[in-house]
Amino acid sequence: MFEKLKNMFSMDIGIDLGTANSLVFVKGKGIVLDEPSVVAIQNGTKKVIAVGAKAKEMIGKTPGNIVAIRPMKSGVIADFDITEAMLHYFIVNACPKRMMLSRYTRPRVVVAVPSGITEVEKRAVEDAAKAAGARAVFTVEEPMAAAIGVKLPVAEPAGSMIVDIGGGTCEVAIISLGGIVHAHSVRAGGDAMDDCIISYLNRAYHLLIGERMAEDIKIQIGSAFPTGEENSMEVSGRDIVAGLPKTLVVTSEEIRDALQQPVRDIVNAVRTTLDRCEPELAADLVGRGIVLSGGSSQLRGLAALLEKETKLPVFLAKEPLFAVAKGTGEMTKELDLLLKNKH
Ligand code: ADP
Ligand code: MG
């Protein structure tokens, strides 16, 4: 009874704690916050200067005493205090101020975490969310949240496959009867692609470019498979030999070559997971195919390449960047039950 009363004056929110972007979903409202997972801190003191979009703008441009950090970068919690600061920012900005004043009305939170993290790290996320103002916390593995977010029938006694490709990781999972049957997480996502573009231009043209430029090139002309629309673009950076600014033109073909390694890693992760799959579940996938979510699933030709390599139909989620957040939001509807059964 008291619990019900508390819930009337409080709210339940879902958080996608991504390696590149974090999103907050509020029941009845949808996505209310969508910002880069970046925290700018004062060097040495760990004093938080900015979080989210403001902090991302500082990357590569900070004066010596400020550093911009991505606390979730490789799919693990790199720094507890900074993760807590980030969660605090998201929770406080998603909830009305009066709600945060009393411990009875603070929000309950579902947080999606990478499937590769340990029990200890999972507990650390729970503690960080509580320290950041949550009244109760439930963690869910990212691929499960993504599968729910794209409306795969996860509760059915049949196999569904989701591949969520974000900034730091590519998470592959086969789900049946509400649980993850097989999961595989590899550090091959958008960051690895950007790094490959940076080292390619360095190697081929002695051109040094920044992370932002690399991401720009990837999104504008990058691909995993020839798509029939070959493009080129002008790229500016610093010539390492001459030490001066330089501009040149790169083609989608050479960028496709540069992206081979991370693209291979993604294909292999999918194939390894399929290899481990029981025959009955594999048979389900023949009809249902594979669903892709996450920002990097939008790389041109990736779905086509995966179709060719797995001989299964591959579908791109409608709003790939929102899949995990929508899934956590969907789970807040069942939060009473989830928290009751949590051990
Ligand atoms: P995470 O869940 O790890 O926070 P996201 O799902 O938010 O990651 O995806 C972020 C990644 O998606 C970034 O590396 C970004 O460069 C990449 N990305 C966004 N749009 C595109 C696109 N159109 N093509 C390729 N990559 C993209
Ligand atoms: Mg994600």
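For this chain, numbers begin at 1 and follow the sequence in order.
- Between S252 and N231, the side chains place no donor N or O within less than 3.5 Å of an acceptor N or O (distance only, hydrogens not considered).
- In terms of heavy atoms, V186 sits closest to A269 at CG2-CB, 3.8 Å.
- Under the 4.5 Å side-chain contact rule for hydrophobic residues, I197 and I240 do not share a cluster.
- Of the possible donor and acceptor atoms, one in the side chain of T45 sits under 3.5 Å from a partner among the backbone N and O of K47.
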Notebook entry, point to check: Hey, mind stepping through M72 and T83 against side-chain contact (heavy atoms from CB on, under 4.5 Å) and telling me if it holds?
Noted result: CA-CA 8 Å; M72 307 289 301; T83 306; 4.2 Å; yes
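- Taking 4.5 Å as the limit, some side-chain heavy atom of V39 sits within range of a side-chain heavy atom of V48.
- Without hydrogens or angle criteria, N43 side chain to N65 main chain gives no donor-acceptor distance under 3.5 Å.
- Without hydrogens or angle criteria, T105 side chain to M99 main chain gives a donor-acceptor distance under 3.5 Å.
- Residue pairs meeting the salt bridge (Lys or Arg N to Asp or Glu O under 4.0 Å) criterion with at least one member in residues 219-234, sequence neighbours excluded: E229-R300, E230-R256.
- Of all the heavy atoms in A158 and L281, the pair that sits closest is C-CD2, 4.2 Å.
- Under the side-chain contact (heavy atoms from CB on, under 4.5 Å) test applied with P143, the options P114, S185, S115 reduce to a single match, S115.
- For the pair K56 and S37, the minimum side-chain heavy-atom distance is 4.5 Å or more.
- For the pair I15/T328, no side-chain contact is recorded, criterion being any heavy-atom separation below 4.5 Å from C-beta on.
- Under a 4.5 Å side-chain heavy-atom cut-off, the cluster of Ile, Leu, Val, Met, Phe, Trp and Tyr residues that includes F25 is completed by L23, I31, L321, F322.
- Considering only heavy atoms from C-beta on, I221 comes within 4.5 Å of V250 through its side chain.
- Side-chain atoms of E278 and H182 form a donor-acceptor pair, as typed in the model, at a separation below 3.5 Å.
- Under the 4.0 Å criterion applied to side-chain N and carboxylate O atoms, R70 and D191 are assigned as salt-bridge partners.
- Using a 4.5 Å heavy-atom cutoff, the side chains of E142 and V113 are not in contact.
- For Q42 (side chain) and I66 (main-chain N/O), no donor-acceptor pair under 3.5 Å exists by modelled atom type.
- The minimum heavy-atom distance between V137 and A129, with the atom names listed, is CG2-CB, 3.7 Å.
- Closest non-hydrogen pair, A258 versus C196, comes out as O-CB, 3.3 Å.
- In terms of hydrophobic clustering, with Ile, Leu, Val, Met, Phe, Trp and Tyr side chains grouped at heavy-atom distances under 4.5 Å, I290 and I162 are assigned to different clusters.
- Placement of V291 and V181 in two distinct hydrophobic clusters is found when ILVMFWY residues are connected by side-chain heavy-atom separations under 4.5 Å, directly or transitively.
- Of all heavy-atom pairs between A94 and V24, the closest is CB-CG1, 3.6 Å.
- A heavy-atom distance below 4.5 Å is not found between the side chains of R187 and K73.
- In this structure, the side chain of N202 does not engage the main chain of I198 through any donor-acceptor pair within 3.5 Å.
- Contact check for N21 versus E35: no side-chain heavy atoms found under the 4.5 Å cut-off.
- Considering every non-hydrogen atom in both S236 and I209, the closest pair reads O-CG2, 3.6 Å.
- Using modelled atom types and a 3.5 Å distance limit, the side chains of T251 and E253 yield no donor-acceptor pair.
- The existence of a salt bridge linking K333 and E330 is confirmed by a sub-4.0 Å separation between a basic side-chain nitrogen and an acidic carboxylate oxygen.
- No donor-acceptor contact under 3.5 angstrom links the side chains of S10 and R108, judged on distance only.
- More than 12 heavy atoms of other shown residues, nucleotides or ligands fall within 6.0 angstrom of atom CD in Q220.
- A salt bridge does not link E84 to K130: none of the charged side-chain nitrogens sits closer than 4.0 Å to a carboxylate oxygen.
- For the pair K246 (side chain) and L208 (backbone), a donor-acceptor distance under 3.5 Å is absent.
- Taking the charged nitrogens against the carboxylate oxygens, E319 and K326 do have a contact shorter than 4.0 Å, which makes a salt bridge.
- The closest side-chain heavy-atom distance from I13 to T332 is not below 4.5 Å.
- Judged purely by distance below 3.5 Å, without hydrogens or angles, the side chains of S160 and R288 pair a donor atom with an acceptor atom.
- The hydrophobic cluster containing L292 does not contain V324, counting ILVMFWY residues as joined when their side-chain heavy atoms lie under 4.5 angstrom apart, directly or transitively.
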